[in-house]
Amino acid sequence: MAITIHKLGRLYTADLTPPDGMGVRWSTPEPMPRDDLVEALRKRGCHRIAIADAMHEADPTWAADQRRHD
């Protein structure tokens with residue numbers, strides 16, 4: 001998977017490797033909240049399904065947590 005996400009408590013980090021991220025390597029500068037990470041990945045051209053897959057791999061409960069916040 002070209003998007004790798006790690007959960008650190010309530011925060012997340014991510015690493016992008018091509019082909020995701022418009023072909024440019026990228027890593028989060030520091031752990032960030034889920035919504036901020038999703039937005040940062042979207043701005044780097046990552047598809048929402050690829051993001052969701054990587055989030056689920058890092059934290060299988062992330063979608064349920066998101067629904068509780070919406």
Side-chain angles (χ1 to χ4, degrees):
M1 182 176 291
I3 303 172
T4 304
I5 296 174
H6 299 281
K7 184 176 181 187
L8 305 168
R10 303 185 94 193
L11 301 175
Y12 298 83
T13 61
D15 296 301
L16 287 178
T17 55
D20 283 314
M22 296 184 274
V24 177
R25 286 186 171 275
W26 177 81
S27 295
T28 51
E30 58 188 28
M32 57 179 56
R34 178 195 61 232
D35 293 343
D36 293 348
L37 177 59
V38 169
E39 182 64 23
L41 293 170
R42 298 277 317 251
K43 285 181 179 178
R44 283 163 180 80
C46 297
H47 191 274
R48 64 182 180 82
I49 293 173
I51 296 169
D53 288 347
M55 288 295 293
H56 183 75
E57 184 74 24
D59 178 13
T61 66
W62 82 279
D65 291 343
Q66 183 173 341
R67 284 193 293 275
R68 282 195 292 264
H69 288 73
D70 290 343

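Note that the structure is a prediction, hence the values are computed from the model and not measured.
A search for side chain to side chain donor-acceptor pair (under 3.5 Å) contacts involving Asp15 returns Ser27, not counting sequence neighbours.
With hydrogens and angles left out, the side-chain atoms of Tyr12 and Asp36 include no donor and acceptor closer than 3.5 Å.
We find the CZ-CD1 distance between Arg34 and Ile51 to be 12.5 Å, quoted to the nearest 0.5 Å. Between the CG atom of Leu37 and the NZ atom of Lys7 there is a distance of 12.5 Å, given to the nearest 0.5 Å.
Taking both residues in full, the closest heavy atoms of Ala2 and Pro18 are given as CB-O, 4.2 Å, listed atom of the first, atom of the second, then distance.
Put simply, the side chain of Ile5 does not reach to within 4.5 Å of the side chain of Glu57, judged on heavy atoms. Met32 places none of its side-chain heavy atoms less than 4.5 Å from the side chain of Leu11. Looking at Met55 and Asp59, their side chains never come closer than 4.5 Å, going by heavy atoms from C-beta outward. Put simply, the side chain of Arg25 does not reach to within 4.5 Å of the side chain of Leu16, judged on heavy atoms.
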task = Please lay out, stage by stage, how Leu41 and Trp26 fare under the test side chain to side chain contact (heavy atoms under 4.5 Å, CB included).
result = CA-CA 9 Å; Leu41 293 170; Trp26 177 81; 3.8 Å; yes
